[in-house]
Asker: 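Below is the structure I would like to discuss, written out as structure tokens.
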Amino acid sequence: MSSNFISHIIDQDLEQGRHEGRVQTRFPPEPNGFLHIGHAKSICINFGLAERYDGRCNLRFDDTNPEKESQEYIDAIKSDIEWLGFSWNGDVRYSSSYFEELYAFALQLIDSGKAFVCSLSPEQAREFRGTLTEPGRDSPDRERSAAENRDLFERMRAGEFPDGQYSLRLKIDMASPNINMRDPVIYRIRRVVHHQTGDAWSVYPMYDYAHCLSDAIEHVTHSLCTLEFEDHRPLYDWILENLDPESLRAACERAGNMGGASNYVLPKQTEFARLNLNYTIMSKRKLRELVEQGDVDGWDDPRMPTISGLRRRGYTPAAIRNFIDSVGVSRGASIVDVGMLEHAVREDLDHNAPRAMCVLRPLKVTLSNFPEGEQETLRLPRHPKQDMGERELPFGRELYIDRSDFEEVPPPKYKRLTPDKEVRLRGAYVIRCDEVIKNDAGEVVELICSYDENTLGKNPEGRKVKGVIHWVPAAAAVPAEVRVYDRLFHKENPDDKALESFRDSLNPQSLQVLTGCLVEPSLAEAVPESQYQFEREGYFCADQHDSKPGVPVFNRTVSLRDSWAKMNK
Ligand code: ATP
Ligand code: MG
């Protein structure tokens with residue numbers, strides 16, 4: 001993790017001895033969907049800063065909304081973070097495991113006259129809240145006695161009242177210019193089963209209340225979140241400052257979270273700008289809509305901006321981390337070009353992906369002067385620069401090239417195969433096209449060519465053969481399915497307010513399934529998730545779920561063309 005304004009804040013805190021040298025962060029996802037590339041930024045910041053300062057980062061599920069959450073999401077989030085290469089401090093944590101502590105803090109606020117039970121319905125409460133330009137009005141229940149508040153809150157917990165009949169609110173200031181400070185609700189009645197606590201609770205804390213207290217219980221030093229929480233910071237601080245500091249320290253100790261410190265210091269919230277990408281939607285709610293409407297094949301569809309989708313597409317953890325690092329951390333909101341992410345993927349795969357040949361739309365070539373029944377074995381390096389060893393490729397009388405590498409009537413400057421002209425087969429010989437065979441419909445079905453046996457790996461003196469095309473041997477090639485993915489949205493801003501729905505921005509050509517492709521024999525057993533550069537076609541990976549030994553399925557990760565790198569030269 002490079003230096004940024006947050007690392008500067010941490011440097012200062014460390015210099016001033018604020019936390020006895022400790023750096024404790026946390027990543028707090030709500031388990032109501034899969035993580036997306038935006039979350040990767042928060043993950044890299046929280047785990048990255050902990051790594052940089054030899055500190056710790058907790059994984060805490062912010063699970064205060066049981067109706068929308070599930071174990072499936074918890075499992076997926078854990079596996080995504082591990083895949084990105086980060087490990088959390090100790091056990092996974094849950095806001096729900098602090099429910100008992102949070103309840104005790106609420107009683108403390110009630111007893112000190114800082115919280116009250118309110119009987120306004122949600123609609124009335126909205127009306128009483130006021131607007132940005134008008135102050136709110138006090139709830140008629142605001143002056144209820146502490147004893148009565150305590151009794152009602154205990155009965156709320158016991159499940160005596162239906163959902164929505166009462167709420168617990170802080171007593172702050174209904175005239176505050178910050179609406180978050182207008183006696184915010186901190187508990188509501190929800191008589192639902194929770195994925196972690198079962199039916200133990202009938203009241204659930206609100207995010208703002210649970211979040212700062214969970215940070216305090218975990219003795220977080222730097223509570224990092226996105227800019228939309230800036231207006232919530234006064235509430236974050238108010239709650240912590242209006243509780244007895246000794247009681248906060250005691251809760252932290254009970255949970256075993258002092259982290260070797262002798263002083264208890266309250267967490268401080270710092271906000272940074274969210275990651276926004278063009279051509280991309282980053283909202284769990286909308287991503288869920290795509291899954292539920294069947295626009296994509298699940299949360300890990302290779303077109304999804306989810307971590308698991310990017311993984312299945314063939315993006316690597318290193319590429320994602322490098323991309324996040326290159327975007328940087330600041331407080332200025334901006335929209336990043338998705339081409340920059342694709343560039344990071346190409347850079348990583350260019351270094352690390354072995355080369356191979358795959359013919360997407362096969363066209364048969366017969367070498368008339370190659371002896372029938374004979375075969376040579378060619379050895380090609382797996383990578384042009386890295387030492388990855390060699391692969392073997394049989395070469396015989398029949399082979400396949402890509403349909404798009406032959407033109408009967410070539411356009412100007414065409415460097416591939418045309419009648420009576422020569423081209424080099426990658427890693428093999430120069431061939432000349434002597435005859436074009438067509439079917440009754442006039443389509444080219446086969447080329448009769450001749451090869452020059454003196455051209456293996458070199459151009460003989462005076463011979464200029466510029467074009468190089470890829471190929472596979474007919475006898476040994478392995479049939480494969482190839483899924484060519486393109487961007488899921490074809491609009492730069494899929495969320496354009498002029499559209500009725502963001503789903504109107506979906507790219508109808510985002511998936512093209514090519515069957516009957518042919519790959520070189522070394523790819524028959526491609527391990528799921530292994531990446532390749534298919535020469536001249538792009539970067540591909542064997543599908544995580546569907547690729548099987550002998551029956552490979554490949555996903556196109558990204559094309560070879562890198563317009564972003566060119567634009568920024
Ligand atoms: P979404 O709006 O996509 O549903 P969220 O903010 O509700 O996301 P959480 O599970 O609450 O999702 O997010 C966990 C953490 O990830 C939070 O700290 C949040 O600020 C951060 N985060 C979410 N989206 C982004 C983003 N686009 N860029 C950076 N951080 C993000
Ligand atoms: Mg959220």
Side-chain angles (χ1 to χ4, degrees), residues 30-32 61-70 94-131 134-176 178-214 231-232 235-236 238-239 242-243 285:
E30 184 179 354
N32 62 349
F61 287 101
D62 215 327
D63 54 345
T64 54
N65 250 322
E67 289 131 303
K68 293 189 177 150
E69 301 163 356
S70 79
Y94 298 87
S95 295
S96 59
S97 49
Y98 311 135
F99 279 174
E100 202 61 57
E101 297 281 7
L102 303 192
Y103 180 80
F105 286 126
L107 290 178
Q108 190 190 129
L109 289 165
I110 288 173
D111 292 343
S112 59
K114 289 170 180 166
F116 67 99
V117 172
C118 178
S119 58
L120 291 179
S121 68
E123 296 75 46
Q124 290 171 318
R126 209 168 301 134
E127 203 189 301
F128 274 65
R129 195 176 302 137
T131 65
E134 277 171 57
R137 281 177 290 143
D138 286 356
S139 158
D141 299 324
R142 206 171 194 262
E143 299 313 320
R144 203 195 288 279
S145 74
E148 202 185 329
N149 282 324
R150 189 178 244 274
D151 174 61
L152 281 172
F153 188 51
E154 281 167 354
R155 288 165 61 198
M156 283 163 67
R157 173 181 184 168
E160 279 188 34
F161 309 116
D163 289 9
Q165 176 156 351
Y166 290 111
S167 62
L168 184 69
R169 297 175 65 182
L170 295 177
K171 213 188 269 189
I172 307 182
D173 178 9
M174 288 308 290
S176 170
N178 182 344
I179 293 186
N180 295 307
M181 300 297 273
R182 294 185 188 168
D183 293 4
V185 172
I186 58 169
Y187 269 93
R188 50 188 183 157
I189 302 174
R190 280 279 180 284
R191 298 198 298 184
V192 294
V193 170
H194 186 288
H195 48 98
Q196 301 300 313
T197 57
D199 58 5
W201 292 88
S202 301
V203 286
Y204 288 99
M206 301 297 285
Y207 169 85
D208 281 321
Y209 178 73
H211 192 73
C212 57
L213 287 171
S214 302
D231 290 346
H232 297 239
L235 178 55
Y236 184 105
W238 189 97
I239 294 169
N242 281 276
L243 285 162
R285 186 178 61 73

Asker: What are the two closest heavy atoms between Ala158 and Ser202, and how far apart are they?
Answerer: C-OG, 4.4 Å

Asker: Would you confirm whether Thr197, through its side chain, and Ala200, through its main-chain N or O, come within 3.5 Å as a donor-acceptor pair?
Answerer: no

Asker: Roughly how far, to the nearest 0.5 Å, is CG of Asn149 from NZ of Lys114?
Answerer: 14.5 Å

Asker: Among Thr64, Asp63, Asp62, exactly one meets side-chain hydrogen bond (donor to acceptor under 3.5 Å, both in side chains) together with Ser96. Which residue is that?
Answerer: Asp63

Asker: Determine the minimum heavy-atom distance between Ser176 and Met181, stating which atoms define it.
Answerer: OG-CB, 3.5 Å

Asker: Would you confirm whether His211, through its side chain, and Ser95, through its main-chain N or O, come within 3.5 Å as a donor-acceptor pair?
Answerer: no

Asker: If I take atom CZ from residue Phe161 and atom CZ from residue Arg191, how far apart are they, to the nearest 0.5 angstrom?
Answerer: 10.0 Å

Asker: Ion pair present between Lys171 and Asp183, side-chain N to carboxylate O less than 4.0 angstrom?
Answerer: no

Asker: Could you measure the distance from the CG atom of Leu152 to the CD1 atom of Ile110? Nearest 0.5 Å is fine.
Answerer: 9.0 Å

Asker: Are Tyr209 and Tyr187, when compared by the centres of their aromatic rings, separated by less than 6.0 Å?
Answerer: yes

Asker: Could you go through the side-chain contact (heavy atoms from CB on, under 4.5 Å) check for Leu170 and Leu235 one step at a time?
Answerer: CA-CA 10 Å; Leu170 295 177; Leu235 178 55; 3.8 Å; yes

Asker: Does Arg144 use its side chain to pair, donor to acceptor, with the backbone of Val117 at less than 3.5 Å?
Answerer: yes

Asker: Is a side-chain N or O of Asp141 found less than 3.5 angstrom from the main chain of Ser119, in a donor-acceptor match?
Answerer: yes

Asker: What's the separation between atom OH in Tyr94 and atom CZ in Phe61, rounded to the nearest 0.5 Å?
Answerer: 6.0 Å

Asker: Are the aromatic ring centres of Phe99 and His194 under 6.0 angstrom apart?
Answerer: yes

Asker: Show your working on side-chain contact (heavy atoms from CB on, under 4.5 Å) between Ile186 and Asp208 and close with a plain yes or no.
Answerer: CA-CA 7 Å; Ile186 58 169; Asp208 281 321; over 6 Å; no

Asker: What are the two closest heavy atoms between Pro162 and Gln165, and how far apart are they?
Answerer: CD-OE1, 3.0 Å

Asker: Does Glu101 use its side chain to pair, donor to acceptor, with the backbone of Tyr98 at less than 3.5 Å?
Answerer: no

Asker: Under 3.5 Å, is there a donor-acceptor pair between the side chain of Asp151 and the main chain of Ala147?
Answerer: no

Asker: Quick check with a 6.0 Å cut-off and a 45 degree axis cone: is Arg137 positioned over the face of Phe128's six-membered ring?
Answerer: yes

Asker: Rounded to the nearest 0.5 Å, what separation is found between the CG atom of Asp231 and the OH atom of Tyr236?
Answerer: 16.0 Å

Asker: Once you round to the nearest 0.5 Å, how far does CG of Leu243 lie from CG of Leu109?
Answerer: 4.5 Å

Asker: Please identify which of these residues, Asn65, Val185, Leu168, meets the side-chain contact (heavy atoms from CB on, under 4.5 Å) condition with Met206.
Answerer: Val185

Asker: Does the distance from a Lys or Arg side-chain N to an Asp or Glu carboxylate O, for Glu30 and Lys68, drop under 4.0 Å?
Answerer: no

Asker: Looking only at heavy atoms, which two atoms of Pro31 and His195 are closest? And how far apart?
Answerer: CG-CE1, 4.2 Å

Asker: Whether the side chain of Arg190 engages the backbone of Tyr204 through a donor-acceptor N/O pair (distance < 3.5 Å, no angle test) should be reported.
Answerer: no

Asker: Do Arg150 and Asp111 meet the salt-bridge criterion of a basic N to acidic O distance under 4.0 Å?
Answerer: yes

Asker: Tell me whether Arg157 forms a cation-pi arrangement with Tyr103, defined as NZ or CZ under 6.0 Å from the six-membered ring centre and within 45 degrees of its axis.
Answerer: yes

Asker: Would the distance check show the side chain of Arg142 and the main-chain N or O of Phe116 forming a donor-acceptor pair, the cut-off being under 3.5 Å?
Answerer: no

